[in-house]
Amino acid sequence: MTNFDPAFFVEVLVGGLLSGVMYALVAIGFVLVYKTSGVFNFAQGAMLLFAALTFVSLVEKGVPFALAFLVTLAVMALLGIAIERTVLRPLVNKPPITLFMATLGLAYVLEGSAQLLWGTQVHGLELGIDDKPFIIHGVLISSFDLFAAAVAAGMVALLAFVFQRTRIGLAFRAVADDQFAALAVGLRLPVIWSAVWIAAGFVALIAGLLWGARLGVQFSLSLVVLKALPVLVLGGFDSIPGAIVGGLLIGATEKLAEVYLGGYVGGGIESWCAYVFALGVLLIRPQGLFGQRLVERA
Amino acid sequence: MTNAYDAQQSRGLLPAWGYLLGIGVVAYGIVPLLASDYVYDAILAPFLALSLAAVGLNLLTGYAGQVSLGSAAFMAVGAFAAYNFNLRIDGLPFILSVLFAGLTAAGFGVVFGLPSLRLKGFYLALSTLAAQFFVEWALTKFDWFSNYNSSGVIDAPPIVIFGVPFSGPSGRYYFALTVVLLLSAFAARLVNTQTGRNFIAVRDNETAARIIGVPVFKTKLLAAAVSSFIIGIAGILWAFAYLRTVEPHGFNLDRSFEILFIIIIGGLATLRGAFLGAALIVVLPLVLSRIGTLLLGGYFNSGVLDMSQRILIGALIIVFLIVEPDGLAALWIRARNRFFGALTSRRPAREVTA
Amino acid sequence: MERHRKKTSFLSGLAASLTLFAGALTTSASADEQFFPLQSYRVGPYAAGGTGFFGGTIDYFNLINSRDGGVNGIKLTWDECETQYEVERGVECYERLKSHANIAAWNPLSVGIAYAMIDRITQDKVPLITINHGRTDSTDGRVFPYVFPLLLNPYSETSGIINYIAAKEGGEANLKGKKIVVLYHGSPYGKETIPIYELLSKKLGFTVQQIEVPHPGNEQQAQWLTIRQAKPDYVVLRGWGVMNPVALKTAQKTGFPADHIIGNVWSNSEEDVIPAGDAAVGYTAITTQASGAEYPVLQEIVKTLYDSGKGNLEDKKRIGSVYHNLGIVNGILNVEAVRIAQEKFGKRTLTGDEVRWGFEHLHLDEKRVADLGAKGLFHSINVTWDNHEGDGRVTFQQWDGKKWKVVSDWIAPDWKLLRPIIEKSSEAYAKEKGLKIRSAGDADKVTSIDVKGESTKN
Amino acid sequence: MSNFDQLLSVDRIFAIYNHSVAALHGVSLSVRTGEVRALLGANGAGKTTTLRAIANLLGAQRGSVTSGRIVFDGLDVLKMPPSTLVQAGLASVLEGRHVFKSLNVEENLIVGGLARGSRRSELSADLERIYALFPSLLPKRKIAAGLTSGGEQQMVAIGRALMSRPRLLILDEPSMGLAPIVVKGIFETLRALNRNDGLTILMAEQNAAIALRYADQATVIENGTDVLSDTADALRRGDYVKEFYLGSNVSTGIKREAGPQQPSAVSTSDELQTIAAE
C-alpha cells in the first residue's frame, strides 16, 4: 500500500458499515428464532431464497409489486405456521443440536421446493432504487446501501415496537427469557413459536429482497447466511442490538482488513477474518457484546 | 445426550471379538466376492472415508461434547499434508506420510480447539467455521500446497505399503478398510479407557468433572487432537482412495455438515452409529436417485427428480430426528434386542444403566 | 389377519422395488448406437448454466437423430445423471454410467468433476471433453491423451482478452503504461491465469493488479473500493456464478464504467448480467460462440424440436442464449468427432478410444462449419494429437440490456507464446505421475474393439 | 366429605424421565376446595415431579406420566396443555421461582395475566391487587426482576401466578433459600389469600415445620410413593415427623433399602430435572 489517504479510509469504513447493515439484516432473523425457541435456524438462508424467489416470480408473472409483497408475506406466514406444526412441535425439548440438524433438513426442503415451484432460472430484481453513487467531501457513498440501511432501521424500529409495546412482544420476551416459566404461567408456546417464525419469515422477505437486488435472485442467495454467522458469534445469538452492532463491526473490520491487510497475504481474507475477529473478541468477552448473561446470572 | 446404549454395545449375544471377527470376515472375505468396480469406487470408498471421519467427529462431539462444523477442514489438512510429505521427503514410506499427515491434522485440531477452553455450545460450533474457511483459503492461496499446480489440485500418489501396492478399486478398498478398522478399533478402545471416561465427564458436566479431578483443558485439547488425527486420515482416504484428485474446495462446508449429519443420524456417542449413518447418507441418495430415474425418468427431467429428492431427503432427516432422536444405533439395538429377546426370552430386553 | 395382509403387501412391495433396483443397476445396449453419459446439473447454485448447456447438447443430439436418423445411421443415446455440480456426485455418476456399452465421450462441464475423472477415463480409454474450461496443460495431448479442453483453454482466453483490449486501444504498442485489474474468483479456477497476466504485462508493458474475491463472491465492496483507488483502465472479470452480477452491481455503486469491464468465458452468459440489471449495460465479455438464434442450425432445432414440443429447454426464451449455444457447439463437436472417427473405422458403433482418435482429427474449417449450419456461431477448430484445444478463436460481445451484441472480429490468441508454458506444466505433471510422454505414433494406436471384449490394436 | 368439593385428585400416577428413569411409583393425593395442603418429603422424594405432573409440565422436562389419572375440577389434566389448565384456574409457582429475569417486575406480572387474555382494565385492577398484597414490589416495578432480592423474586413469582386469577395455587418450595423472616411474610400472605379469597393451595415443602404450621392437611411422599396423609395437626404430633426432624431416618432408610425400585434412579431423576430446570 502506498501513502495513507484519509478520505479513502473513511470511504472503506463507510462502505464496510453499510455492508454490515446487510449482514445484520440476516442475523436478526437468526436472533428472533434463537431467542424465543432456542433453535439455531440454519434454514434462514433457505427462507430468504424462498421468499425472494416467490416474490420475484410473482412480479414476473405480472402481479403488482405491493400485491406480490403481500402475497409473499402471506406465504411466509403459512410457512412459519407449517414449520412450527411439523418440525418444531414434535421436536420440543430435544437437544439444541438435534433442532439445528432439523433446520438443516428444513433448508433442503425449502431450497428444493422453491426451485421446484419457481424453477432454477436466475432473476434480476429491481427495487426502483437508482444506484448511482454520490460523493460527500470526496467520500463515495452508495445510494442503494443507504436505502438498505434505512429499510433495516425501519424494520428494527418496527420489531422494537412490537417487542416493547405489544402483548405478543411481551410474550416473546417472556418465552425468550425462561421457556419453562412461560409454559407454567400459561403462555401458549406453539402460538408464540408460530408467531416468531412468521416474524422470521418477514425478516427473511425483507432481507431477501434487499440481497436479491444486490445479487440477483438465485440459489446463491441462501449462502448469505455465512455472512451472518460471524455477526452472531460477535453480537450474541440472543440480542438484536448485538446483531446490529455486531454487523456493523464485522462489516467495517472485514473491509478494512481486506483493503489494508489483505495485500500482505495476497487478499481474499474476508472469508475467514471476520470469524477470527469475532473469536478474538469472544475470547476476551465470552458472553459476546450483548449477550444477556449479566442479568441472567445476577 | 447421555446414552445408555454405548454401555451395552458389547453386551449382545456375542462377545466383542466375535463381532470383530464377523465384520472382518464379511469385509475382507465376502464383500469382495459380491462387489463390482461400481460398488468399490462409488459406494464403498466414500462410505469408508466418511465413516472414519464420522468416527473422528463422534469422539469430539458425541463423547467430548464439542460440536464442530470444521471437519472438512481437517480432512483437507490431512489430504494435503500427506500429499506434501509424500512428495517432498524422498524415500519416505507412504505409511509414514499418512501418519505424519494425521499428526499435522491433530496439531491443527489443537490450535483450533483452543477456543473450546472458553466457548461453549453454538459459539464454539461457529468458531470452528474459522478453521473451515481459513484452511480452504490457505490451501487455495498458497500454491506450494498443491506443488504449484496451476489448477490447484493434487493427485493421489500410488498407495504402496511395505512394498505391497494397493491399486485398482479392490486394492484401494482393502487399504481404506484396513485403515478404518484399525482406527475404529483404536477409538473403541480409547472410549473405554480413563481418557474416554474423562471425555464423557467433561461433556456431561464440566464443573463436576473438574471437581472430581479431570484435567478439563487437557482433556478438551486431547479430544480435539485425537479427533482431528482421525478426521485427517479420513481426508487422506477421501482424497487418495476415493476421488484420487481433489481441490481445496472439495472440502467445503457442505462436507462438514454431511459428517455432522452422519453422527446425528447414526447416533451420538456410539461408534457403530458413525458407520450406520455414513451408510445411510451415502446410499440413500443413490437409491432414491436410481429409483426416481427408473420409475419417473420418462416423465420428468433429472432436475425435477433431483429437487424432489432433495425435498425428500430433507423431510426424511426431520422425520428421523423426530422418530428416533438417538439415531440409527439406538434403532439397531432396539431391533437386535427385540430379535434376541424373542430368541432368549429370559434375557431382559433392556437394562437401565443410568 | 389385517396385520398379516399388510406384511405380505409390504414384502411384495419390497420385492418389487428390489427387482426394480436390480433392473436399474443393469444396463442394456443395442449394437447400433453411440452413448453419451451426461453428468448434468439442473439443481443447485449453477443450475442455470447446467440447464442451458446440457439442454443445448441434447437438442443437437435430438436434431441429429430426428433429422438424419443418427450419425450415418448410428443413433445417439444418452442418460442424464444429476451432479448438482458436486464432485463426488459426478464421480458416482461416472462409476454408475461407465459400464454402459458404446460410450463415446464424457462432457461434465465442471472443472472439479473433470479433474476427478482424468485418471479414470485415461484408464478406461474414453475421451473427456472440457469445452472452454479444465486444466490448461491438458491441451498437451502428449501427456493427456484423453482430455480435450476444446476451443479455448484458460491461457488462450487470457491472451484473447489482452489482444482485444490492445485492439480497442489501437494496437499492442498502446498498451504500454495502461493499467489493468484482474478480479478473480478465489478458487483454483480463478487463480489459474495469474502467471499469464503477469507474463503478458511484462511482455507488453502494461501494469496488472490481480485482486481476489473470496468464494462465493456475494460481497465485493472492499475489492471495488480498491479498484476505485487504483483507477485502472480496464477491469477483467474472471468470475463464476453469483460473483459476476455482484461485481457489475458493485462497479456501478463505486462508479466504475461497465464498458471498461471485460468478462472472461465463465462471466459471459445472460445469467451473469440479467441479475445486475442496468448495471450490466455496456459490459463486454469474451466468447467462443455467438449468441442468438438466427443461425441455421438453431433454426432447424426450433423447427424440428421446439415447434413440436420436443425441445429440452423449458423456457423458450433461452433458445440461443450463451449457455444453450455453447451446448449446441459442444454437441456439434462431439457428433463431428464421431463422424470423423467413423470415416476411419467404419460406420458402426465406435469404442471410446476410436472416438478419441476422432477428436484428435477434429478439423472443422470455416466451410465445414458453414455446412453444419453454424456459420458465425463459432469460427473453426483444428484439434490434433498433441493440441487438444484446437486453436479456437474468440469474439467479444457486449450486453445492451436485452441481449448480447458481437462487437469484435474473431480474434486469435497468441498460441505460440503459450505453448511452451503449457508444455512445461504438463511435463511436470507427467514427471510427478510417472507418465510416459506420447508420440504421434502412440496416438495412432487405437483400441478398436470394446474394452470388455478382446482388445486388438491396429 | 362429598365428592364435588374435591378440587384436585391425583390417582396412582407413575412418572418417568427420559423414557427410562423412574421418578414416581403410584402417588395419590387429593385437594379439597378451600384447603391448604402441604406435600412433604425428603429431597428427591418426588414432590416436584408430582407438582409438575399436576400442572402437566412434565413433558417440558422430558418426563411423562406413564399411568394414573389426574383430575382438576372435572378436567383430565394429562390431556390438557398447561395453558388450558391455567385458564381453568390452576396456577403454578415453580421451584426456584423462575421469574423472567430480563423483564421488569411489572412486565412479569402482566405476563401472568396474558394467559387468561385479561383486558386492559382487568390487568390494571389485578396489578393493584398484587401490589396491595406485596407492597415492597411497588417501588421496584420498573426494575428487572433478575436484579431484585430472592424474597422479592418469590413475591413476583406468586404475584405472577395470581394474575391468572387461579382457584388452585401450586407452590414448589416457596421457602427455599429465603431468610426466615421473609418466609414468614410470604406464608402469612398465602394464609390471607386462603382465608379471605378462598384460594385453594397445594405446596411442596422440605421445611416441614413451617409447612405444617400453615397447612390444613399434609401428604408425605417417599421414594416416589405417598406414604402418609393426615391433618397437619395430627402429623405435627405424630411420630413420623419427629423422626423426620431428628434426622433418624430409620424407617425411611429401611424402606429405601428394601424398596422394590432402584433408589439411585429416583434421586438421579430429581437431580436431572434440577439441572434441566436451570
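Naming convention: chains lettered A, B, ... in sequence-line order (proteins, then strands); numbering from 1 in each chain.
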Flag the one option from [options] with the top tally of heavy-atom pairs under 4.5 Å to chain B.
options: A:Trp272, A:Tyr108, A:Tyr34; answer: A:Trp272
options: A:Gly119, A:Ala278, A:Gly105; answer: A:Gly105
options: A:Leu232, A:Val87, A:Leu91, A:Thr86; answer: A:Leu91

*Taking all non-hydrogen atoms of both residues into account, name the closest pair between B:Leu69 and B:Leu126 and its distance.*
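Smallest heavy-atom distance, with atoms named: CD1-CD2, 3.9 Å.
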*For B:Ser127 and B:Leu119, work out which heavy atoms get closest and say how close.*
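Scanning both residues, the minimum pair turns out to be CB-CD1, 4.1 Å.
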Please look at [X] and chain A and tell me whether the side chain, the backbone, both or neither of the residue comes under 4.5 angstrom of a heavy atom of that chain.
X: B:Leu260; result: both
X: B:Ile264; result: side chain
X: B:Phe320; result: neither
X: B:Ile317; result: side chain
X: B:Ile263; result: neither

*is_close_aromatic(A:Phe172, A:Trp193), centroid dist under 6.0 Å*: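 That pair fails the under 6.0 Å test.
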*Between B:Phe74 and B:Phe108, is the gap from one ring center to the other below 6.0 Å?*
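They do not qualify: ring centres at least 6.0 Å apart.
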*Does CZ belonging to A:Arg89 count more than 12 external heavy atoms closer than 6.0 Å?*
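Buried by this count: over 12 neighbours within 6.0 Å.
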Go through the atoms of [X] and report whether side chain, backbone, both or neither lie under 4.5 Å from a heavy atom of chain B.
X: A:Leu106; value: both
X: A:Thr120; value: side chain
X: A:Leu226; value: side chain

_Angle between ring planes, B:Phe122 versus A:Phe40, binned at 30° and 60°: parallel, tilted or perpendicular?_
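Rings of B:Phe122 and A:Phe40: parallel, as their planes differ by under 30°.
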*Report the C-alpha distance between B:Phe251 and B:Glu136 in whole Å, list the side-chain angles of each, state the deciding distance to 0.1 Å, and finish with yes or no for side-chain contact (heavy atoms from CB on, under 4.5 Å).*
CA-CA 7 Å; B:Phe251 298 102; B:Glu136 220 180 307; 5.9 Å; no
*Any side-chain heavy-atom pair of A:Val56 and A:Glu60 under 4.5 Å*: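 They are in contact (side-chain heavy atoms under 4.5 Å apart), so the answer is yes.
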